[in-house]
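Notes to accompany the following structure.
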Amino acid sequence: MLDKKYNAQEKEQKWKEYWQQENVYKFVPDQREVYSIDTPPPTVNGKIHIGHIFSYSQAEMVARYKRLRGYNVFYPFGFDDNGLPSERLVEKEQGKKAHEIGREAFSKLCYQTTDAYEKEFKELFQSLGVSADWSNAYKTVSPSTIKISQASFLELAKKGYCYHKESPALWCNECLTSIAQAELETKTLKTTFNYVTFTTEEDNEPFTIATTRPELLPAIVSVFVNPKDKKHKHLIGKHARIPVINEVVPIMADEKVDAEKGTGVVMCCTFGDQTDIEWWKKYNLPLRFIFTKDGRIKEDVPNYGGLKIKEARKKVVEDLQAGGYIEKIEELEHEVQTHERCGKEVEYTVMKQWFIDIMNHKEDFLKMGESIQWYPSHMHNRYVEWVKNVAWDWCISRQRYFGVPFPVWYCEECGEPIFANEADLPVNPLVDKPSVKVCPKCGCTHFVPETDVMDTWATSSVTPLINMKYGEEHNYENILKPMSLRTNASEIIRTWDFYTIVKSFYHFGQRPWNNVMISGFVMADKGEKISKSKGNSKMDPVELIKTYSADAVRYWAASGRLGTDITFSEETLLRGKKLINKLWNVSKFIEMHLADYEDKPFTNFEFVDKWVLGSFGQMEQQFMKYADEYEIGLALNLLEKFFWNFCDNYIEIVKHRLYRPEEFGAEARYSGQKTVYTLLYKFLQMFSIYFPFITEEIFQGVYHNHVSIHTTQMVPLTYAFNNETMLGDQMVEIISQARGVKTNHNVSLKTPIRLLSLGVRAELEQAILSAQKDFKATLFIENLQMKQIENAPYEIYTVELNLDENA
RNA sequence: GGGAGUUUAGCUCAGUUGGUAGAGCAUCUGCCUUACAAGCAGGCGGUCAUAGGUUCGAGUCCUAUAGCUCCCACCA
């Protein structure tokens, strides 16, 4: 028996535990076709916000849908506890920097901290009803993951896609590590535009360079103008004297200089921006690197050595002003590239690092992108844009502590990298001995370990390999190559999706998945992205689940179209809550009338039952069409609308027949029972995608013919009562209008109708006649008169109420 | 500057081959109706961002403009 009121808190806890106990979501390979989902391992950095809930719920609903459709769903879960985000979290909690704590102690702290948060994450995702196979959950720093990540590195290095080279790289002097292009975030900052007077060495001719970065004056290696710039082209070939610094550098020509920008004269430094690097390479310019790794000017730079970058900027400007070299200073707002993890402006550095080749295979990556179905399809453009624009090979070295170590040592003499043997993985070169005793190149016997660790994405990009247990004896390589679906939010197309494609291409020469489903963002208010700093407590996931239930939160997460941003809305949560409540109540009603029901083959349905069965079948087809395109939200809209209509119209009509078999006949009652029995089951299945908890509670109370509703299969209805479907809709319209008459008279809906006279087309008359008892009972009609008309389907002539009886 | 999405009722959003504008919330009016008052019935409310175009017919297709959002480039 279902309870009078549904207690979500209590029941959700109960079923969460039950599913764990019964291994409802455990993946066991069998004869069924596998549907595999590459789930994003959330970054374990302390907070799960409403955006996670949104994105994970949508993906999770796909898993449930596919499970219902009979697939053996492979739906793993992982935690990305590896790398810089975790390190930053620990640094914040400890109030100390990693190098102050020490490598080993710091790593230990990272493990402890991420373990604690993971527990919380897991708890929350489970209470949201995420149907992943939790027994199979992975971490991105566990020994098995490190092994796969290192194996991936070795394989790429062996195939020549991964190289060690001294090269310019993006550098964050807050996090003290190099970073990749994909980790950049542009920010608008205020700065000053300084117009600095230079002179030519040859004839002392003054000219002006406008710069936002005067502290780079000591790093100038050349000055460029556009060869077509009439005003400046005579300078080409001469030399420029740098004010204050007193160095002399050549003035050169390059098409890339925009004569309209600034003064049309550009200083090229090592390194101020990407163009500097290009010119440095193109013209083989000298290296004049003046920054230290922690964001200061190198000690050997006269006058400015030891200063922080910003201090140096100030002092250089002061010195320029003192010497009369500043023509003017303008305020300027400009976009700068910052590190997404800390928000600090990035610099450039030159050091030996590991890179993965991107630039030579862009075409292949584009082709891979084309071979994947993107949902919604326009998200493919984002991928294409990124691949076309990416300008650097992927730097995977990070000068940090907590992450996957490179399985590499270097010969102390000649620097030759010594790779670990694959059989020895996972290795930590700081602890483990090199794989050789003698350097094969120079014969030296001393080696130094690689101290860098890998970029987080170097590991996240192999989630398909982790999922397939790559390299292990018992693996899923044959069933997960490629995986069916990748799900994530749009912000990580350029990182997670892109890098995974890169790795899959290098490892297997094929796409990692057949489909990609991209979710949108959560907005706090129209057009206002949720910011971490705002920390809106009314959107705290734990609180929301407590207040509204996990099922209602999921309802909110399902609203709207795929890939479209959503506004956080309590109204939507409330709407979900009402829908859930309705589902509970109608289930109670149906349960009440199934006490004596026995399911057996039956075809002699009443007209109204045929109507609702037929319409359900139509809705179901449409529902599956949406769901097959991952439009889970649109599918829900359709289902919800139909369900509400089912409650307000069909149930209202059939209830009389269910209550009073003596009046309507036992078979007519059975027809109704069979109908509600069939449809409630199907409603529960379809709603189970969205509301896993309450549907399980109802299923166990009413049907309990399976371990769980989540292991049942959705078999589409095959009744095709097309005629009844159409005529039934017209009948309902008449009922609705007749109810309206009662409402307009301010009387109760059970007020009898003394006389209802209708003009109807012949087939509708037939329909009403065959459903006459239901029709009359619903509206409490005492006398029904009909005559045939030709044009419109129907016309209502009189609705005469019997008001005396009511009074 | 390049790429993309979005703009529909006061609010949150649907609207799938072009054919008389939809839902929920809010608001108003009724109704204790043997599942549900967290309900039921009904009302009010929209020149579908703007301007052109194609068409017998455009929220839907095309072009341009504007607002909002995201991604990328631009740091001289």
Side-chain angles (χ1 to χ4, degrees), chain A residues 2 4-5 181 184 186 189 191 193 195-196 208-213 216 223-225 256-259 261-269 272-276 332 334-337 345 376 378-386 388-391 490-491 493-494 520-521 523 526-529 556 559-561 563-572 574-593 622 625-626 629 631 633-634 637-638 640-641 644 647-648 651-652 655-656 659 736-751 780:
Chain A
L2 301 180
K4 186 155 174 32
K5 289 264 174 196
Q181 187 184 354
L184 295 176
T186 42
L189 291 182
T191 187
F193 210 16
Y195 288 75
V196 181
T208 310
I209 293 180
T211 178
T212 56
R213 304 208 53 188
L216 280 168
V223 166
F224 280 92
V225 298
K256 219 185 163 185
V257 179
D258 182 348
K261 227 172 188 177
T263 60
V265 190
V266 189
M267 58 195 221
C268 173
C269 318
D273 65 18
Q274 189 133 7
T275 313
D276 291 347
L332 180 74
H334 71 159
E335 306 275 310
V336 292
Q337 293 187 316
E345 291 173 59
H378 65 82
M379 289 296 177
H380 179 224
N381 288 329
R382 292 217 189 179
Y383 174 79
V384 171
E385 281 299 303
W386 174 257
K388 280 187 179 163
N389 286 321
V390 72
S490 55
E491 61 187 341
I493 292 175
R494 64 176 178 169
F521 280 112
M523 303 289 183
K526 197 155 197 165
E528 189 187 337
K529 199 174 157 185
W556 163 78
S559 63
R561 258 183 10 243
T564 307
D565 294 342
I566 187 181
T567 312
F568 176 79
S569 148
E570 285 195 278
E571 282 165 17
T572 307
L574 203 62
R575 181 174 170 176
K577 213 177 162 185
K578 283 185 176 184
L579 174 59
I580 289 162
N581 191 46
K582 192 76 174 174
L583 182 59
W584 182 254
N585 285 319
V586 81
S587 299
K588 272 193 324 190
F589 173 82
I590 290 172
E591 182 195 36
M592 196 165 87
H593 292 284
Q622 196 64 33
K625 199 179 149 209
Y626 276 137
E629 290 166 0
E631 288 287 5
L634 299 186
N637 282 353
L638 204 70
E640 179 180 7
K641 192 177 173 191
W644 222 270
C647 293
D648 293 341
I651 291 291
E652 284 306 316
K655 70 199 300 183
H656 307 278
Y659 274 118
S736 172
Q737 287 189 32
R739 281 177 182 161
V741 173
K742 295 186 185 183
T743 299
N744 290 338
H745 279 82
N746 296 349
V747 296
S748 147
L749 291 180
K750 68 173 186 185
T751 307
F780 302 90

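All chains are named by letter (A, B, ...) in the order of the sequence lines, taking the proteins before the strands, and each is independently numbered beginning at 1. Note: hydrogens, waters and symmetry copies are ignored here, and every other heavy atom, side chains too, is used. Note that the coordinates shown come from a computational prediction; the quantities given were computed from them, not determined experimentally.
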Margin query: Under 4.0 Å, counting only non-hydrogen atoms across every strand here, what does A:Lys577 touch: a base, just sugar-phosphate, or nothing?
Written below: base
Notebook entry, point to check: Base, sugar-phosphate, or nothing for A:Ser559, non-hydrogen atoms under 4.0 angstrom?
Noted result: nothing
Margin query: I need the NZ-C1' distance between A:Lys625 and B:rU17, as an integer number of Å.
Written below: 9 Å
Check: Which nucleotide, in any strand shown, forms a Watson-Crick or G-U wobble pair with B:rA41, with both distances under 3.5 Å?
Finding: B:rU29
Next item on the list: Find which nucleotide of RNA chain B each of A:Lys655 and A:Asn744 is nearest to by heavy atoms, and output the residue with the more 5' nucleotide.
Entry: A:Lys655
Next item on the list: Look through every strand shown and name the nucleotide pairing with B:rC70 as Watson-Crick or G-U wobble, where both distances are under 3.5 Å.
Entry: B:rG3
Next item on the list: Tell which nucleotide pairs with B:rA14, taking only Watson-Crick or G-U wobble pairs whose two distances are both under 3.5 angstrom.
Entry: none
Next item on the list: Could you tell me whether the side chain of A:Thr211 and the main chain of A:Arg213 form a donor-acceptor pair under 3.5 Å?
Entry: yes
Check: What is the nucleic acid contact for A:Gln622, judged by heavy atoms within less than 4.0 Å: base, sugar-phosphate only, or nothing?
Finding: base
Note to self: What is the distance, to the nearest angstrom, from the CD atom on A:Glu385 to the C1' atom on B:rC70?
What the structure shows: 13 Å
Notebook entry, point to check: Counting side-chain heavy atoms from CB outward, which of B:rC13, B:rU29, B:rA14 is closest to A:Thr567?
Noted result: B:rC13
Please list, pair by pair, any protein nitrogen or oxygen found under 3.5 Å from a nitrogen or oxygen in nucleotides 22-26 of chain B.
from, atom 1, to, atom 2, distance (Å)
B:rG24, N2, A:Glu571, OE1, 3.4
B:rC25, OP1, A:Lys578, NZ, 2.9

Note to self: Taking B:rG5 as the reference, what is the distance to B:rC75 when you measure between their P atoms (whole Å, please)?
What the structure shows: 28 Å
Margin query: What contact category does A:Met592 fall into here, base, sugar-phosphate, or nothing, at under 4.0 angstrom with non-hydrogen atoms?
Written below: sugar-phosphate
Margin query: In whole Å, I'd like the distance from the CG atom of A:Leu749 to the C1' atom of B:rC36.
Written below: 15 Å
Next item on the list: For nucleotides B:rG24 and B:rC70, find the distance between their P atoms and express it as a whole number of Å.
Entry: 32 Å
Margin query: Just the rounded figure in Å: distance from P of B:rA37 to CG of A:Asn585.
Written below: 7 Å
Check: Distance-only, no hydrogens or angles: does the A:Asp276 side chain make a donor-acceptor pair with backbone N or O of A:Gly272 under 3.5 Å?
Finding: yes
Next item on the list: Would you check if A:Glu631 and A:Asn637 make a side-chain contact, meaning some heavy-atom pair closer than 4.5 Å?
Entry: no
Item checked: Rounded interatomic separation in angstrom, taking NZ from A:Lys742 and P from B:rG43 -> 16 Å
Next item on the list: Could you tell me whether A:Cys268 contacts a base, only the sugar-phosphate backbone, or nothing, with contacts defined as non-hydrogen atoms closer than 4.0 Å?
Entry: nothing
Item checked: Interatomic distance at C1', B:rC62 relative to B:rA21, whole Å -> 23 Å
Note to self: Distance check needed: B:rA38 C1' versus A:Leu583 CG, whole Å only.
What the structure shows: 14 Å
Item checked: Basic-acidic side-chain contact under 4.0 Å: A:Glu640, A:Arg575 -> yes
Check: Which base sits across from B:rU63 as a Watson-Crick or G-U pair, both distances under 3.5 Å?
Finding: B:rA51
Item checked: Flag, side chain of A:Thr572 to backbone of A:Phe568, donor-acceptor distance under 3.5 Å -> no
Do any N or O atoms of the protein come closer than 3.5 Å to N or O atoms of nucleotides 73-76 of chain B, and which pairs are they?
from, atom 1, to, atom 2, distance (Å)
B:rA73, OP1, A:Gln181, NE2, 3.0
B:rC74, O2', A:Lys261, NZ, 2.3
B:rC75, O2', A:Thr212, OG1, 2.8
B:rC75, O2', A:His334, ND1, 2.9
B:rA76, OP1, A:Thr212, N, 3.1
B:rA76, OP1, A:Thr212, OG1, 2.2
B:rA76, O3', A:Ala210, O, 2.1
B:rA76, O2', A:Ala210, O, 2.9
B:rA76, O2', A:Val265, O, 2.9
B:rA76, N1, A:Asp258, N, 3.1

Check: Phosphate oxygens OP1/OP2 of B:rC13: is one of them under 4.0 Å from a side-chain N or O of A:Thr564?
Finding: no
Next item on the list: Write down the distance between CD (A:Glu652) and P (B:rC31), rounded to a whole number of angstrom.
Entry: 18 Å
Next item on the list: May I ask you to check whether A:Tyr383 and A:His378 place their ring centres under 6.0 Å from each other?
Entry: no
Checklist line | Separation of the P atoms in B:rG15 and B:rU54, to the nearest angstrom | finding: 28 Å
Check: Does OP1 or OP2 of B:rG2 have a side-chain N or O of A:Lys388 closer than 4.0 Å?
Finding: no
Note to self: Rounding to an integer number of Å, can you tell me how far A:Arg382 CZ sits from B:rC71 P?
What the structure shows: 7 Å
Note to self: Using the P atom as the point on both nucleotides, what is the distance between B:rA14 and B:rC31, in whole Å?
What the structure shows: 37 Å
Margin query: Tell me whether the side-chain N/O atoms of A:Arg561 come closer than 4.0 Å to OP1 or OP2 in B:rG15.
Written below: yes
Check: Is a side-chain N or O of A:Lys742 found less than 3.5 angstrom from the main chain of A:Thr751, in a donor-acceptor match?
Finding: yes
Margin query: Test your reading of the model: is there a side-chain donor-acceptor pair from A:Lys588 to the backbone of A:Lys4, 3.5 Å cut-off?
Written below: yes
Item checked: Main-chain N/O of A:Phe521 paired with A:Asp565 side-chain donor or acceptor, under 3.5 Å -> yes
Check: Taking a pair as Watson-Crick or G-U wobble with both distances under 3.5 Å, which nucleotide is matched to B:rC75?
Finding: none
Next item on the list: Could you check whether the rings of A:Tyr195 and A:Phe193 sit parallel, tilted or perpendicular, using 30° and 60° as the cut-offs?
Entry: perpendicular
Next item on the list: Could you tell me whether A:Ile651 contacts a base, only the sugar-phosphate backbone, or nothing, with contacts defined as non-hydrogen atoms closer than 4.0 Å?
Entry: base
Notebook entry, point to check: Want to settle it: does A:His378 or A:Thr743 sit nearer the 5' end of RNA chain B, counting the closest nucleotide to each?
Noted result: A:His378
Checklist line | Nearest-angstrom distance, C1' atom, B:rU7 to B:rU50 | finding: 11 Å
Item checked: Exam field: side chain A:Gln181 to backbone A:Val390, donor-acceptor pair closer than 3.5 Å -> no
Notebook entry, point to check: Which value, in whole Å, describes the distance between the P atoms of nucleotides B:rG59 and B:rG53?
Noted result: 15 Å
Checklist line | Separation of the P atoms in B:rA38 and B:rU27, to the nearest angstrom | finding: 15 Å
Margin query: Go through it in stages, so that I can follow the logic: the residues are A:Ile209 and A:Val223, the test is side-chain contact (heavy atoms from CB on, under 4.5 Å), and I'd like the CA-CA distance, side-chain angles, deciding distance and then a yes or no.
Written below: CA-CA 9 Å; A:Ile209 293 180; A:Val223 166; 4.0 Å; yes
